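Quick notes on the structure that follows.
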2 protein chains.
Amino acid sequence: MYPSDPGYAPSFDTRLAQAETLCQERGVRLTDLRRRVLEIIWSHPKPMGAYAILDVLRGDGRQGAPPTVYRALDFLLEQGLIHRLASLNVYAGCCQPGSRHGGQFLICRDCGQVNEMNSPAVENLLCAEAAAHCFEVLTQMVEVLGRCPDCQRGTSSDVG
Amino acid sequence: MYPSDPGYAPSFDTRLAQAETLCQERGVRLTDLRRRVLEIIWSHPKPMGAYAILDVLRGDGRQGAPPTVYRALDFLLEQGLIHRLASLNVYAGCCQPGSRHGGQFLICRDCGQVNEMNSPAVENLLCAEAAAHCFEVLTQMVEVLGRCPDCQRGTSSDVG
DNA sequence: TAGCAATTGTTATTCTATAACATAATTGCA
DNA sequence: TGCAATTATGTTATAGAATAACAATTGCTA
Ligand SMILES: [Zn+2]
Ligand SMILES: [Zn+2]
Ligand SMILES: [Zn+2]
Ligand SMILES: [Zn+2]
């Protein structure tokens with residue numbers, strides 16, 4: 001299965017390795033703490049709040065307070081390895097960390113599942129429309145609330 | 001000047017009258033408190049946080065606590081008279097309250113000015129792309145961070 | 001007028017995020 | 001290696017946003 005295949009999803013380890021590579025290329029340090037926070041986010045089925053991440057860190061036996069996790073999140077956000085979903089105050093792993101983008105998210109109202117869509121057509125149109133208003137775009141955040149395919153069919157496993 | 005003219009902006013009173021009419025048609029009550037909160041939001045140049053609104057209410061001599069303003073905001077949100085900008089935790093008056101929509105916003109990073117864009121093309125494309133993922137859209141929130149025309153030219157008045 | 005529902009007042013608490021400063025680890029260089 | 005500068009983490013306290021729970025009030029209606 002190749003990245004261009006529909007339904008392709010890189011494994012957990014592949015994603016971490018990719019993050020390592022990206023950080024190395026950029027000359028920034030993916031420290032133990034930062035890597036662990038990224039792991040925690042990737043290993044959960046749904047985006048997590050900062051305090052939920054903190055709970056997991058403490059479960060590891062690691063000491064920590066809110067700034068511990070917020071600083072790690074800030075780093076991961078700066079590097080484009082995660083996104084923040086402002087409407088939910090949660091953080092989600094980015095599925096295309098190579099190229100910077102604000103992120104377009106499909107959020108299921110019923111089961112809370114989140115899907116990163118990132119349609120270039122939407123991004124381009126949004127930039128064009130903003131340009132028509134003489135507005136210079138830095139980042140765009142798109143959050144669509146609705147119902148995922150599973151919940152429409154009533155076949156959601158609802159993990160959380 | 002007519003609503004279809006470019007640059008048309010309804011007056012303060014016109015907007016309140018429109019809100020009154022909408023609420024009457026819908027059989028909901030735009031009470032003193034709710035109307036006052038809407039006034040406060042419309043009468044400020046930039047979107048406001050809930051606690052800033054609360055300060056103004058208290059300046060009126062009115063008694064109040066956070067739930068006072070949050071309940072009014074909830075009502076105004078339900079009626080589509082205002083929007084919440086999740087990335088900033090602020091509330092902005094809707095400039096097209098007749099038809100329901102999530103809202104597309106151009107937010108200036110430098111002066112904080114916010115412009116409600118609401119491009120139907122963006123909305124439609126977003127729905128189409130979501131549908132391609134078998135996702136049923138309920139509401140969509142678009143927040144674009146960038147620089148407004150004034151700030152690009154360095155002619156921003158920056159009202160605060 | 002009594003009764004019911006909707007609205008507002010009030011107090012306390014939860015959840016999210018940051019400020020400020022102390023300590024530890026890492027890096028670059030003499 | 002030894003040391004200063006930088007970066008990262010630990011720690012305590014606080015700020016900021018939102019809601020829970022219950023009491024009092026208002027407005028409508030039978
Ligand atoms: Zn992404
Ligand atoms: Zn779902
Ligand atoms: Zn609007
Ligand atoms: Zn500006």
Side-chain angles (χ1 to χ4, degrees), chain A residues 19-20 23-24 26-41 46-79 81-92 112 141 143 160, chain B residues 19-20 23-24 26-41 44 46-79 81-92 112 141 143:
Chain A
E20 293 275 9
C23 288
Q24 251 177 356
R26 294 172 184 166
V28 296
R29 295 172 52 206
L30 187 63
T31 61
D32 276 356
L33 175 63
R34 293 162 175 175
R35 185 188 301 103
R36 180 68 186 122
V37 169
L38 189 54
E39 270 180 22
I40 292 170
I41 291 175
K46 297 179 187 176
M48 300 177 76
Y51 283 74
I53 295 170
L54 183 56
D55 284 344
V56 178
L57 280 178
R58 283 173 170 156
D60 287 356
R62 191 189 282 265
Q63 36 198 354
T68 306
V69 62
Y70 278 104
R71 282 188 290 229
L73 289 171
D74 284 344
F75 172 86
L76 297 171
L77 285 168
E78 275 168 22
Q79 297 305 319
L81 296 169
I82 62 172
H83 296 285
R84 178 175 131 86
L85 303 190
S87 67
L88 300 175
N89 295 326
V90 295
Y91 302 83
M141 290 157 286
E143 300 182 24
Chain B
E20 293 274 10
C23 288
Q24 252 177 356
R26 294 172 183 167
V28 296
R29 294 174 50 207
L30 188 62
T31 61
D32 276 356
L33 176 63
R34 291 164 176 173
R35 183 187 302 104
R36 180 67 186 124
V37 170
L38 189 55
E39 270 179 23
I40 292 170
I41 291 175
H44 279 247
K46 297 179 186 176
M48 302 177 74
Y51 282 74
I53 295 170
L54 183 56
D55 284 344
V56 179
L57 281 178
R58 284 174 171 155
D60 288 354
R62 190 189 282 268
Q63 36 200 351
T68 304
V69 61
Y70 277 106
R71 281 187 291 227
L73 290 171
D74 283 344
F75 172 85
L76 297 171
L77 285 168
E78 276 169 21
Q79 297 305 319
L81 295 169
I82 62 172
H83 295 286
R84 179 174 129 83
L85 302 189
S87 68
L88 301 174
N89 294 328
V90 296
Y91 300 83
M141 290 158 287
E143 300 182 25

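Just so it is clear: chains get the letters A, B, ... in the order the sequence lines come, proteins before strands, and each one is counted from 1. Since we're looking at a predicted model, the values are computed, not measured.
- Taking the side chain as every heavy atom from C-beta outward, A:Glu20 and A:Arg35 approach each other to under 4.5 Å.
- Residues A:Pro47 and A:Val90 share a closest heavy-atom pair of CB-CG2, 3.5 Å.
- Here C:dT10 presents its C1' atom at 16 Å from CZ of B:Arg62, a figure rounded to the nearest Å.
- For B:Tyr51, taking side-chain heavy atoms from C-beta onward, the closest of the listed nucleotides D:dA20, D:dT11, D:dA18 is D:dA18.
- The CG atom of B:Asp60 sits 15 Å away from the P atom of C:dT8 (whole-angstrom rounding).
- The nearest whole Å value for the distance from the CG atom in B:Leu85 to the C1' atom in D:dA17 is 15 Å.
- For the pair B:Leu73 CG and C:dT8 C1', the interatomic distance rounds to 14 Å; values are reported in whole Å.
- Of the candidates D:dA18, C:dT8, D:dA8, C:dT8 carries the atom nearest the B:Thr31 side chain, counting heavy atoms from C-beta on.
- You'll find the side chain of A:Thr68 stays beyond 4.5 Å of the side chain of A:Gln63, heavy atoms only.
- Separating the CG atom of B:Leu54 from the C1' atom of D:dG16 is a distance of 13 Å, rounded to the nearest angstrom.
- Comparing C:dT18, C:dT8, D:dG10 by their nearest atom to the side chain of B:Arg71 picks out C:dT8.
- Positionally, the nearest nucleotide of DNA chain D for B:Pro67 lies more toward the 5' end than for the other of B:Arg29 and B:Pro67.
- If you check distances only, the side chain of B:Tyr70 never reaches the base of D:dA20 with a donor-acceptor pair under 3.5 Å.
- Residues B:Phe75 and B:Val37 are not in side-chain contact: their nearest non-hydrogen atoms beyond the backbone lie 4.5 Å or more apart.
- Of all nucleotides listed (D:dT12, C:dA17, C:dT10), C:dA17 comes nearest to the side chain of A:Arg84.
- Considering B:Ile53, B:Val56, B:Asp55 in turn, B:Ile53 is the only one that fulfils the side chain to side chain contact (heavy atoms under 4.5 Å, CB included) rule with B:Val69.
- With rounding to whole Å, A:Met48 atom CE is found 14 Å from C:dA17 atom P.
- An OP1 or OP2 oxygen of D:dA18 is reached within less than 4.0 angstrom by a side-chain nitrogen or oxygen of B:Asn89.
- Distance from the side chain of A:Ala50 is smallest to C:dA17 among D:dG27, D:dA8, C:dA17.
- For the pair B:Arg34 and B:Gln63, nearest-nucleotide mapping onto DNA chain C gives the more 5' position to B:Arg34.
- C:dA6 atom C1' lies 13 Å from atom CG of B:Leu33, rounded to whole Å.
- Contact annotation for B:Tyr91: backbone-only contact, meaning every heavy-atom pair under 4.0 Å involves sugar-phosphate atoms and none involves a base.
- A straight line from CG of B:Leu88 to P of D:dA17 spans 11 Å, rounded to a whole angstrom.
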